[in-house]
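Structure first, commentary second.
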Amino acid sequence: SSNPSWDQSINLSINRSIDLSINQSTNSINQSIYQSINLSIYLSIYQSITMTKNMLLLSLLFCCLQMITPGQAWLLPASSQLTTATNIHHQRQQTSYITIAKMSSDWPSFQSMEDDDDVILETPIDNREYAVEDDTQERKAQVGGSLDPPKIEDPYIVDPIFVPPGSQLELDEETVLGVLNACRTELATLFGYSAENRGVGITGGVDYVDMDGPSIVITLKGRFWHERTTVLNRVSNYLIQRIPEIIDVTIDDPYQLTREANEKAL
């Protein structure tokens, strides 16, 4: 007869062995499945990275080929793309050389440049040699004697009227012309009427234009050392101090008071 406790021990041992075997098998299976899944994930990621990298490289190559020959080289097999790009590069170099040679021999193509030259040459160029401030008066007069003085373009010639400041001369055109003529002499350092001044490059002059009631209109021409606004003020004060009825002395063209007008004058 069997012993119940022995049978129970045997059954327990068998059950434990079975459970252990099952657990070990399950763990092995799970580990294999886990490794397989990880490997698949790794492979998928690697393939994705590789494909992305290849696509980027292909895109870069495509862009480069498009820059070399738009719309053509990318249609060729990869083995011939580099050769095609090189040939096209040489062709473009040759074309640029031909274009340059044609432009240099095709004078009508420079019409726009000639027009620009005409604009530039509108500004007069003074190539005359002048004396300097430290030169003697004889040297300045010698240089200035070779230059024409500013032409007086008043309506008619009136003898200079020399009177001191504070005089009460009547306002009329003939008196204005006479006082202005005296102004050219007494304010001689401003103008180019003397050979010494012309010798150092002062060629400026003043002319009467019109009289509008108590307002006198004058014009400036030539080159001045002083600011043209200063010249206008000096002439204005000279006239008003001798003909007090004059209210204002103006310029016929405001542009004449600019630095640009003075620099362009000869």
Side-chain angles (χ1 to χ4, degrees), residues 122-124 126 128 130-131 133 135-266:
E122 287 180 359
T123 302
D126 190 355
R128 294 175 291 194
Y130 295 100
E133 190 173 1
D135 286 341
T136 62
Q137 291 297 106
E138 291 76 12
R139 168 62 179 165
K140 295 176 182 177
Q142 180 184 6
V143 175
S146 64
L147 305 174
D148 294 330
K151 183 179 179 181
I152 298 177
E153 298 177 321
D154 293 338
Y156 50 91
I157 302 300
V158 176
D159 292 334
I161 301 176
F162 293 100
V163 293
S167 299
Q168 302 289 322
L169 298 177
E170 293 184 2
L171 176 59
D172 57 61
E173 187 174 68
E174 183 175 351
T175 302
V176 172
L177 290 174
V179 174
L180 182 61
N181 205 356
C183 174
R184 296 185 179 103
T185 301
E186 294 204 73
L187 300 183
T189 56
L190 297 178
F191 306 110
Y193 297 108
S194 68
E196 291 83 359
N197 282 4
R198 294 196 301 276
V200 294
I202 302 175
T203 61
V206 59
D207 289 313
Y208 172 87
V209 175
D210 193 15
M211 184 172 65
D212 183 13
S215 296
I216 307 300
V217 182
I218 62 174
T219 183
L220 297 178
K221 59 187 178 183
R223 183 184 302 145
F224 297 89
W225 269 14
H226 299 79
E227 293 287 339
R228 287 189 169 208
T229 53
T230 301
V231 176
L232 174 62
N233 291 334
R234 295 281 299 277
V235 173
S236 175
N237 289 335
Y238 187 93
L239 295 176
I240 293 174
Q241 286 175 358
R242 289 155 179 82
I243 310 175
E245 292 183 55
I246 296 177
I247 294 178
D248 190 21
V249 177
T250 60
I251 200 80
D252 66 332
D253 183 1
Y255 174 75
Q256 295 178 10
L257 299 179
T258 63
R259 184 185 299 267
E260 181 183 5
N262 195 60
E263 292 175 350
K264 287 185 176 181
L266 293 178

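This is a predicted model, so every value here is computed, not measured. Throughout, numbering of the chain's residues begins at 1 and tracks the sequence.
For the pair Arg234 and Tyr238, the NZ or CZ position fails the cation-pi test of under 6.0 Å to the six-membered ring centre and within 45 degrees of the ring normal.
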Show the numbers, then the answer: is there a side-chain contact (heavy atoms from CB on, under 4.5 Å) between Val179 and Ile243?
CA-CA 9 Å; Val179 174; Ile243 310 175; 3.9 Å; yes
side-chain contact (heavy atoms from CB on, under 4.5 Å) between Gln168 and Glu245, worked out
CA-CA 9 Å; Gln168 302 289 322; Glu245 292 183 55; over 6 Å; no
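With rounding to the nearest 0.5 Å, the separation of OG1 in Thr189 from CG in Leu187 is 6.5 Å. Within the model, atoms CG of Asp252 and CG of Leu220 stand 8.5 Å from one another, a figure rounded to the nearest 0.5 Å. Remark: Leu147 CG to Arg198 CZ distance equals 6.5 Å, nearest 0.5 Å. Taking CZ from Arg242 and CG from Asn237, the interatomic distance works out to 10.0 Å, rounded to the nearest 0.5 Å. A distance of 12.0 Å separates OG1 in Thr219 from CG in Asp210, rounded to the nearest 0.5 Å. Rounding to the nearest 0.5 angstrom, the gap separating the SG atom in Cys183 from the CD1 atom in Ile161 is 12.5 Å.
Residues Glu227 and Arg259 are in side-chain contact: their nearest non-hydrogen atoms beyond the backbone lie under 4.5 Å apart. Side-chain contact between Arg184 and Asp207 is present, with heavy atoms from C-beta onward closer than 4.5 Å. In this structure the side chain of Asn181 never reaches within 4.5 angstrom of the side chain of Leu177, judged on heavy atoms. Contact of the Leu180 side chain with the Val235 side chain is registered, since non-hydrogen atoms from C-beta on lie closer than 4.5 Å. Looking at Ile216 and Tyr208, their side chains come closer than 4.5 Å, going by heavy atoms from C-beta outward. Put simply, the side chain of Glu173 does not reach to within 4.5 Å of the side chain of Val158, judged on heavy atoms. Residues Ile152 and Tyr193 are in side-chain contact: their nearest non-hydrogen atoms beyond the backbone lie under 4.5 Å apart. You'll find the side chain of Leu232 reaches within 4.5 Å of the side chain of Ile218, heavy atoms only.
With hydrogens and angles left out, the side-chain atoms of Asp172 and Thr175 include a donor and acceptor closer than 3.5 Å.
Nearest approach of Gly205 to Pro150, heavy atoms of both residues: CA-CB, 4.1 Å. Between Gly222 and Ala265 the shortest heavy-atom distance is O-CB, 3.2 Å. Residues Ala188 and Asn197 approach most closely at O-ND2, 2.7 Å, considering heavy atoms. Between Leu190 and Ile202, the shortest heavy-atom distance links the atoms O-CG2, 3.7 Å.
Contacts of Phe224 classified as ring pair (Phe, Tyr, Trp, His ring centres under 6.0 Å), with partners at least two apart in sequence or in another chain: none.
Partner of Asn262 under the side-chain hydrogen bond (donor to acceptor under 3.5 Å, both in side chains) criterion, out of Arg223, Arg228, His226: Arg228 alone.
Heavy-atom contacts from other residues, nucleotides or ligands closer than 6.0 Å to CD of Glu174 number 12 or fewer.
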